[in-house]
Structures are given as C-alpha cells and as structure tokens.
Amino acid sequence: MPVAASTPFPVLCLAGATASGKTSLALAMAKALGGAIINADSRQIYADFPLICAQPTPEEQAQAPHYLYGILPSTAKISAGEWCHLAHDAIVSARKQHLVPILVGGTGMYFQALLHGIVPIPPIDPALRATLEARMDAEGPLALYGELEACDPSYAKSIHQNDRQRIVRALEVFHQTGHPFSWWHHQKSLQQPFCQGPLYVIAASLDWLEPRIRARIDSMMESGALKEAKEAFARCPNTEAPAWSGIGCWELLAYLRGRVSLDEALALWCKHTRAYAKRQNTWFRGRKEAIFFQPKQEADLLAHAVQDWDRLQKGVFQG
RNA sequence: GCCGAGGUAGCUCAGUCGGUAGAGCGGGGGCCUGAAAAGCCCUGUGUCAGCAGUUCAAUUCUGUUCCUCGGCA
C-alpha cells in the first residue's frame, strides 16, 4: 500500500549534484535546528561502498543522528517506492525524538516521490519482467515499442523507441495490472505525497564541481577505495547487483581485474561522475518547487531553513 | 643530413578518382512517475599546416616551406 498521510509530514529537503557539499551543509542544518539526517541517495544506502559512494564518514555521522546509510546488502534491490517506506519510518522515528527530519541526497526521483507521491502500482512479478527483458534482447526495442503503441499509445508517444527500460516498464505494468501505464499516471487521487516541505538545491556549476570531483576521487583513493572495491567484490561477486552500479565501483574493479590501467580507471571515474552531476543539475533545474542556493550560501540556507521549519510547524508553509 | 609516413572538429581518425568535408570520443542542451549514480534523445564551419602554381574550380594535383613520427646515417 502507498504510504500516504492525511496530513503530510513536515520535512526539510536538501538536494544537489554529487560533490556539491550537501553533507557538510546538512550537518550544519542538523546542528542549527536539532535535526536528524535521512539519506535520499540511492547508492549511499548500500553497505559495501561507503567511501566510493561518499556516505558521511563515521565522524560526521557521530555529529547528528543519521538514517538509511549503508543499510542494504549489495544484492538488495531498492526502488523509489520502497525508499519512501524506509524514509517514512525514519521520519516517524526522528519525530518521536523531536528531531527535525532533514532529507539529504542526490536522487531526484526520490524527492519527487516523497514530495509529490507516486502512483501505487502493485509490485511486478519478476518473471514477467525477465520475460520482457529476454524478448527485448532477442527482438530488439522496436518490436516491443510497437506493442506499447498498441496498448498505450499516449505513453508510447512520450518516450523514445530506443528507451528499453521504459518500454519494458510500461509493458510489464500493462500486462500485470490490465491498465496502461499512462492510466495509472492519471490516477492523481491515488498519488498522495506523504511529506511536505521546501526542497533546497545547491546550484553548483560543472566548472566549480569538476576540480572538487577530482580532489574527492584522489582523497577516496588515499582513504582506501581500492580496498573497498576488492572487499565488496569478495562479498558480492555478482557485478550485476544493484550496488555495483555506483559510479567508481566498476571502474575500480576493471582496474583490479587488469582490464584498464589505474590512470584510465580514475579518468573514467571522474568523467562518469561529471556526466552524472550534469544530469542531476538538469533534473533539479527543472523542479519548480526548488529553492536554489550557491554552495557558499550556508548562512542564507540556514536562515531559510529555520524560517521554513517554523512555518511548517504552524501549518502555514506554502509548498 | 638522407629515405619513408603523416599534418583534416577540443582528441583519435575517415574522406573527397578536383565541385569548400564526416564518424567515434569529449563538450553542450534536454527528457525522466517503483532500476534513477539507471535508461534515453538532440547537437559537428573546421584558415582540411603555410605559401605559390595548374584549373572555371584545389582540402584533393604539382612545387616549395615549416612541423610531427619512424628508419638509415
């Protein structure tokens, strides 16, 4: 069942591209407001890559209560909806301790689901997806796209015929539920957000981010990123597992397996991180509810947060 | 110094049997409803090394200069 509260929980959200300085700003917010930090990052939730995926360090985590960091094994799948359930529990727990829930991360879709809700499509039978994916491999995207055009023309029109992931998703939903994917999207009454609050976004340009990304990768290497990848591989040799899709994970593994030189691995890691940051910026730029801050505007952000939290408490926050 | 191979988009290169050029990568822009650190789309004018010659027309042929890389000294 969807997690939906009749009155949405008040929360503060802090988002931004990777390496934009979310972790330290979140800590400052938590200290200023008496807050708990709740992870809204799809990779930092895994236990095997704390360094490579840039979880807050143990020292940082000791400075305020932290939730949902490093709680899943690499093989566990998580989805936006499942994350919402976990976040819900964390928020309830924080509120019981009179802590301000501060959601922090770079996964735009998680914030989307949290603040706008997500349609309650039932879980899909893994065998159904496996069948569709096998057909996708065998028949190519065009064949399945044609089927989608037949059963859900409006959604088909909204995606590209090469978008294998979304074609499979839309078909599996149709086959399992009997309703087109787009039908579900229109059930706005079923899509209730269970949180409300401001979405602060750190607006960091790629030019500003790039040297930080390089420096961070260097410091991760010094702190033992290679060892982390090696140990993660020993624990989870299936590199198809969800946690392995974190940027830097397979790049380092490729080096450990002798497929690329260390320099090449680090260059790829950096390049992929930069491309990811660009996608994140594009996503957040388009959020109409986002409130943007420059990386150095910590004081402004804190003042805003104090004021917004006050309004949320009084029930006069305008999302 | 001689011989050979090259100098074309930020990079690696293709190509034009003479009619001013195009791929990959990078870069830029964008999409996103339960995989989202995922998946997907759009986007290529550059003295075709310089100069001169032949030609209606040269990046393409010829000569020459410069530079790079091999080989021989």
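These numbers come from the heavy atoms of this one structure, side chains and all, not from hydrogens, waters or symmetry mates. Below, chain A is the first sequence line, B the second, and so on; all start at residue 1.
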CG of N281(A) versus P of rG30(B): gap in Å, rounded?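 It is 10 Å, rounded to the nearest whole Å.
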Whole Å only: how far is the OH atom of Y155(A) from the P atom of rC31(B)?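 Distance check: Y155(A) OH to rC31(B) P gives 15 Å.
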Report the stems of RNA chain B as range-with-range entries sorted by first number; a stem here is at least three consecutive pairs, Watson-Crick or G-U wobble, both distances under 3.5 Å, and write none if there are none.
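Counting only runs of 3 or more consecutive pairs, the stems involving RNA chain B are B:1-7 with B:66-72, B:10-13 with B:22-25, B:27-31 with B:39-43, B:49-53 with B:61-65.
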Between the base of rG26(B) and the side chain of K271(A), is there a donor and acceptor pair under 3.5 angstrom?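 Under the 3.5 Å cut-off, the side chain and the base do not form any donor-acceptor pair.
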Ignoring hydrogens and angles, does a donor from either the side chain of E82(A) or the base of rA35(B) sit under 3.5 Å from an acceptor on the other?
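Such a pair does not exist between side chain and base.
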- [ ] Determine the sole option in Q280(A), K278(A), H272(A), R279(A) for which the side chain to side chain donor-acceptor pair (under 3.5 Å) test with Y276(A) is passed.
- [x]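 Of the listed options, the one satisfying the test is Q280(A).
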State yes or no: are the ring centers of [X] and [Y] separated by less than 6.0 Å?
| X | Y | value |
| --- | --- | --- |
| F49(A) | W244(A) | yes |
| Y200(A) | F293(A) | yes |
| Y145(A) | H160(A) | no |

Distance-minimising heavy-atom pair for L312(A) and G197(A):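 Taking L312(A) first and G197(A) second, the nearest heavy atoms are CD2-CA, 4.0 Å.
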Is E240(A) touching bases, backbone alone, or none of the nucleic acid, heavy atoms closer than 4.0 Å?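 The residue E240(A) makes no contact with any strand.
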Do we see a donor-acceptor contact under 3.5 Å between the side chains of Y67(A) and S93(A)?
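Yes - a donor-acceptor pair under 3.5 Å links their side chains.
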Whether the W184(A) and T177(A) side chains hold a donor-acceptor pair (N or O, under 3.5 Å, no angle test) is what I'd like checked.
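W184(A) vs T177(A): donor-acceptor pair found between side chains.
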* What class does the angle between the rings of H179(A) and W183(A) fall in, given that below 30° is parallel, 30 to 60° is tilted and above 60° is perpendicular? ->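 Judged by the thresholds at 30° and 60°, the geometry between H179(A) and W183(A) is parallel.
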Task: Contact list for RNA chain B against residues 156-173 of chain A - heavy-atom distance below 4.0 Å - done: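 Within residues 156-173 of chain A, the residues near RNA chain B are H160(A), N162(A), D163(A), Q165(A), R166(A), R169(A).
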Minimum-distance nucleotide to R279(A) side chain [options: rG28(B), rA37(B), rU33(B)]: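 Comparing rG28(B), rA37(B), rU33(B) against the side chain of R279(A), the answer is rA37(B).
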Aromatic ring of H116(A) stacked on base six-ring of rU33(B), 5.5 Å, 30°: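 Per 5.5 Å and 30° rule: no stacking.
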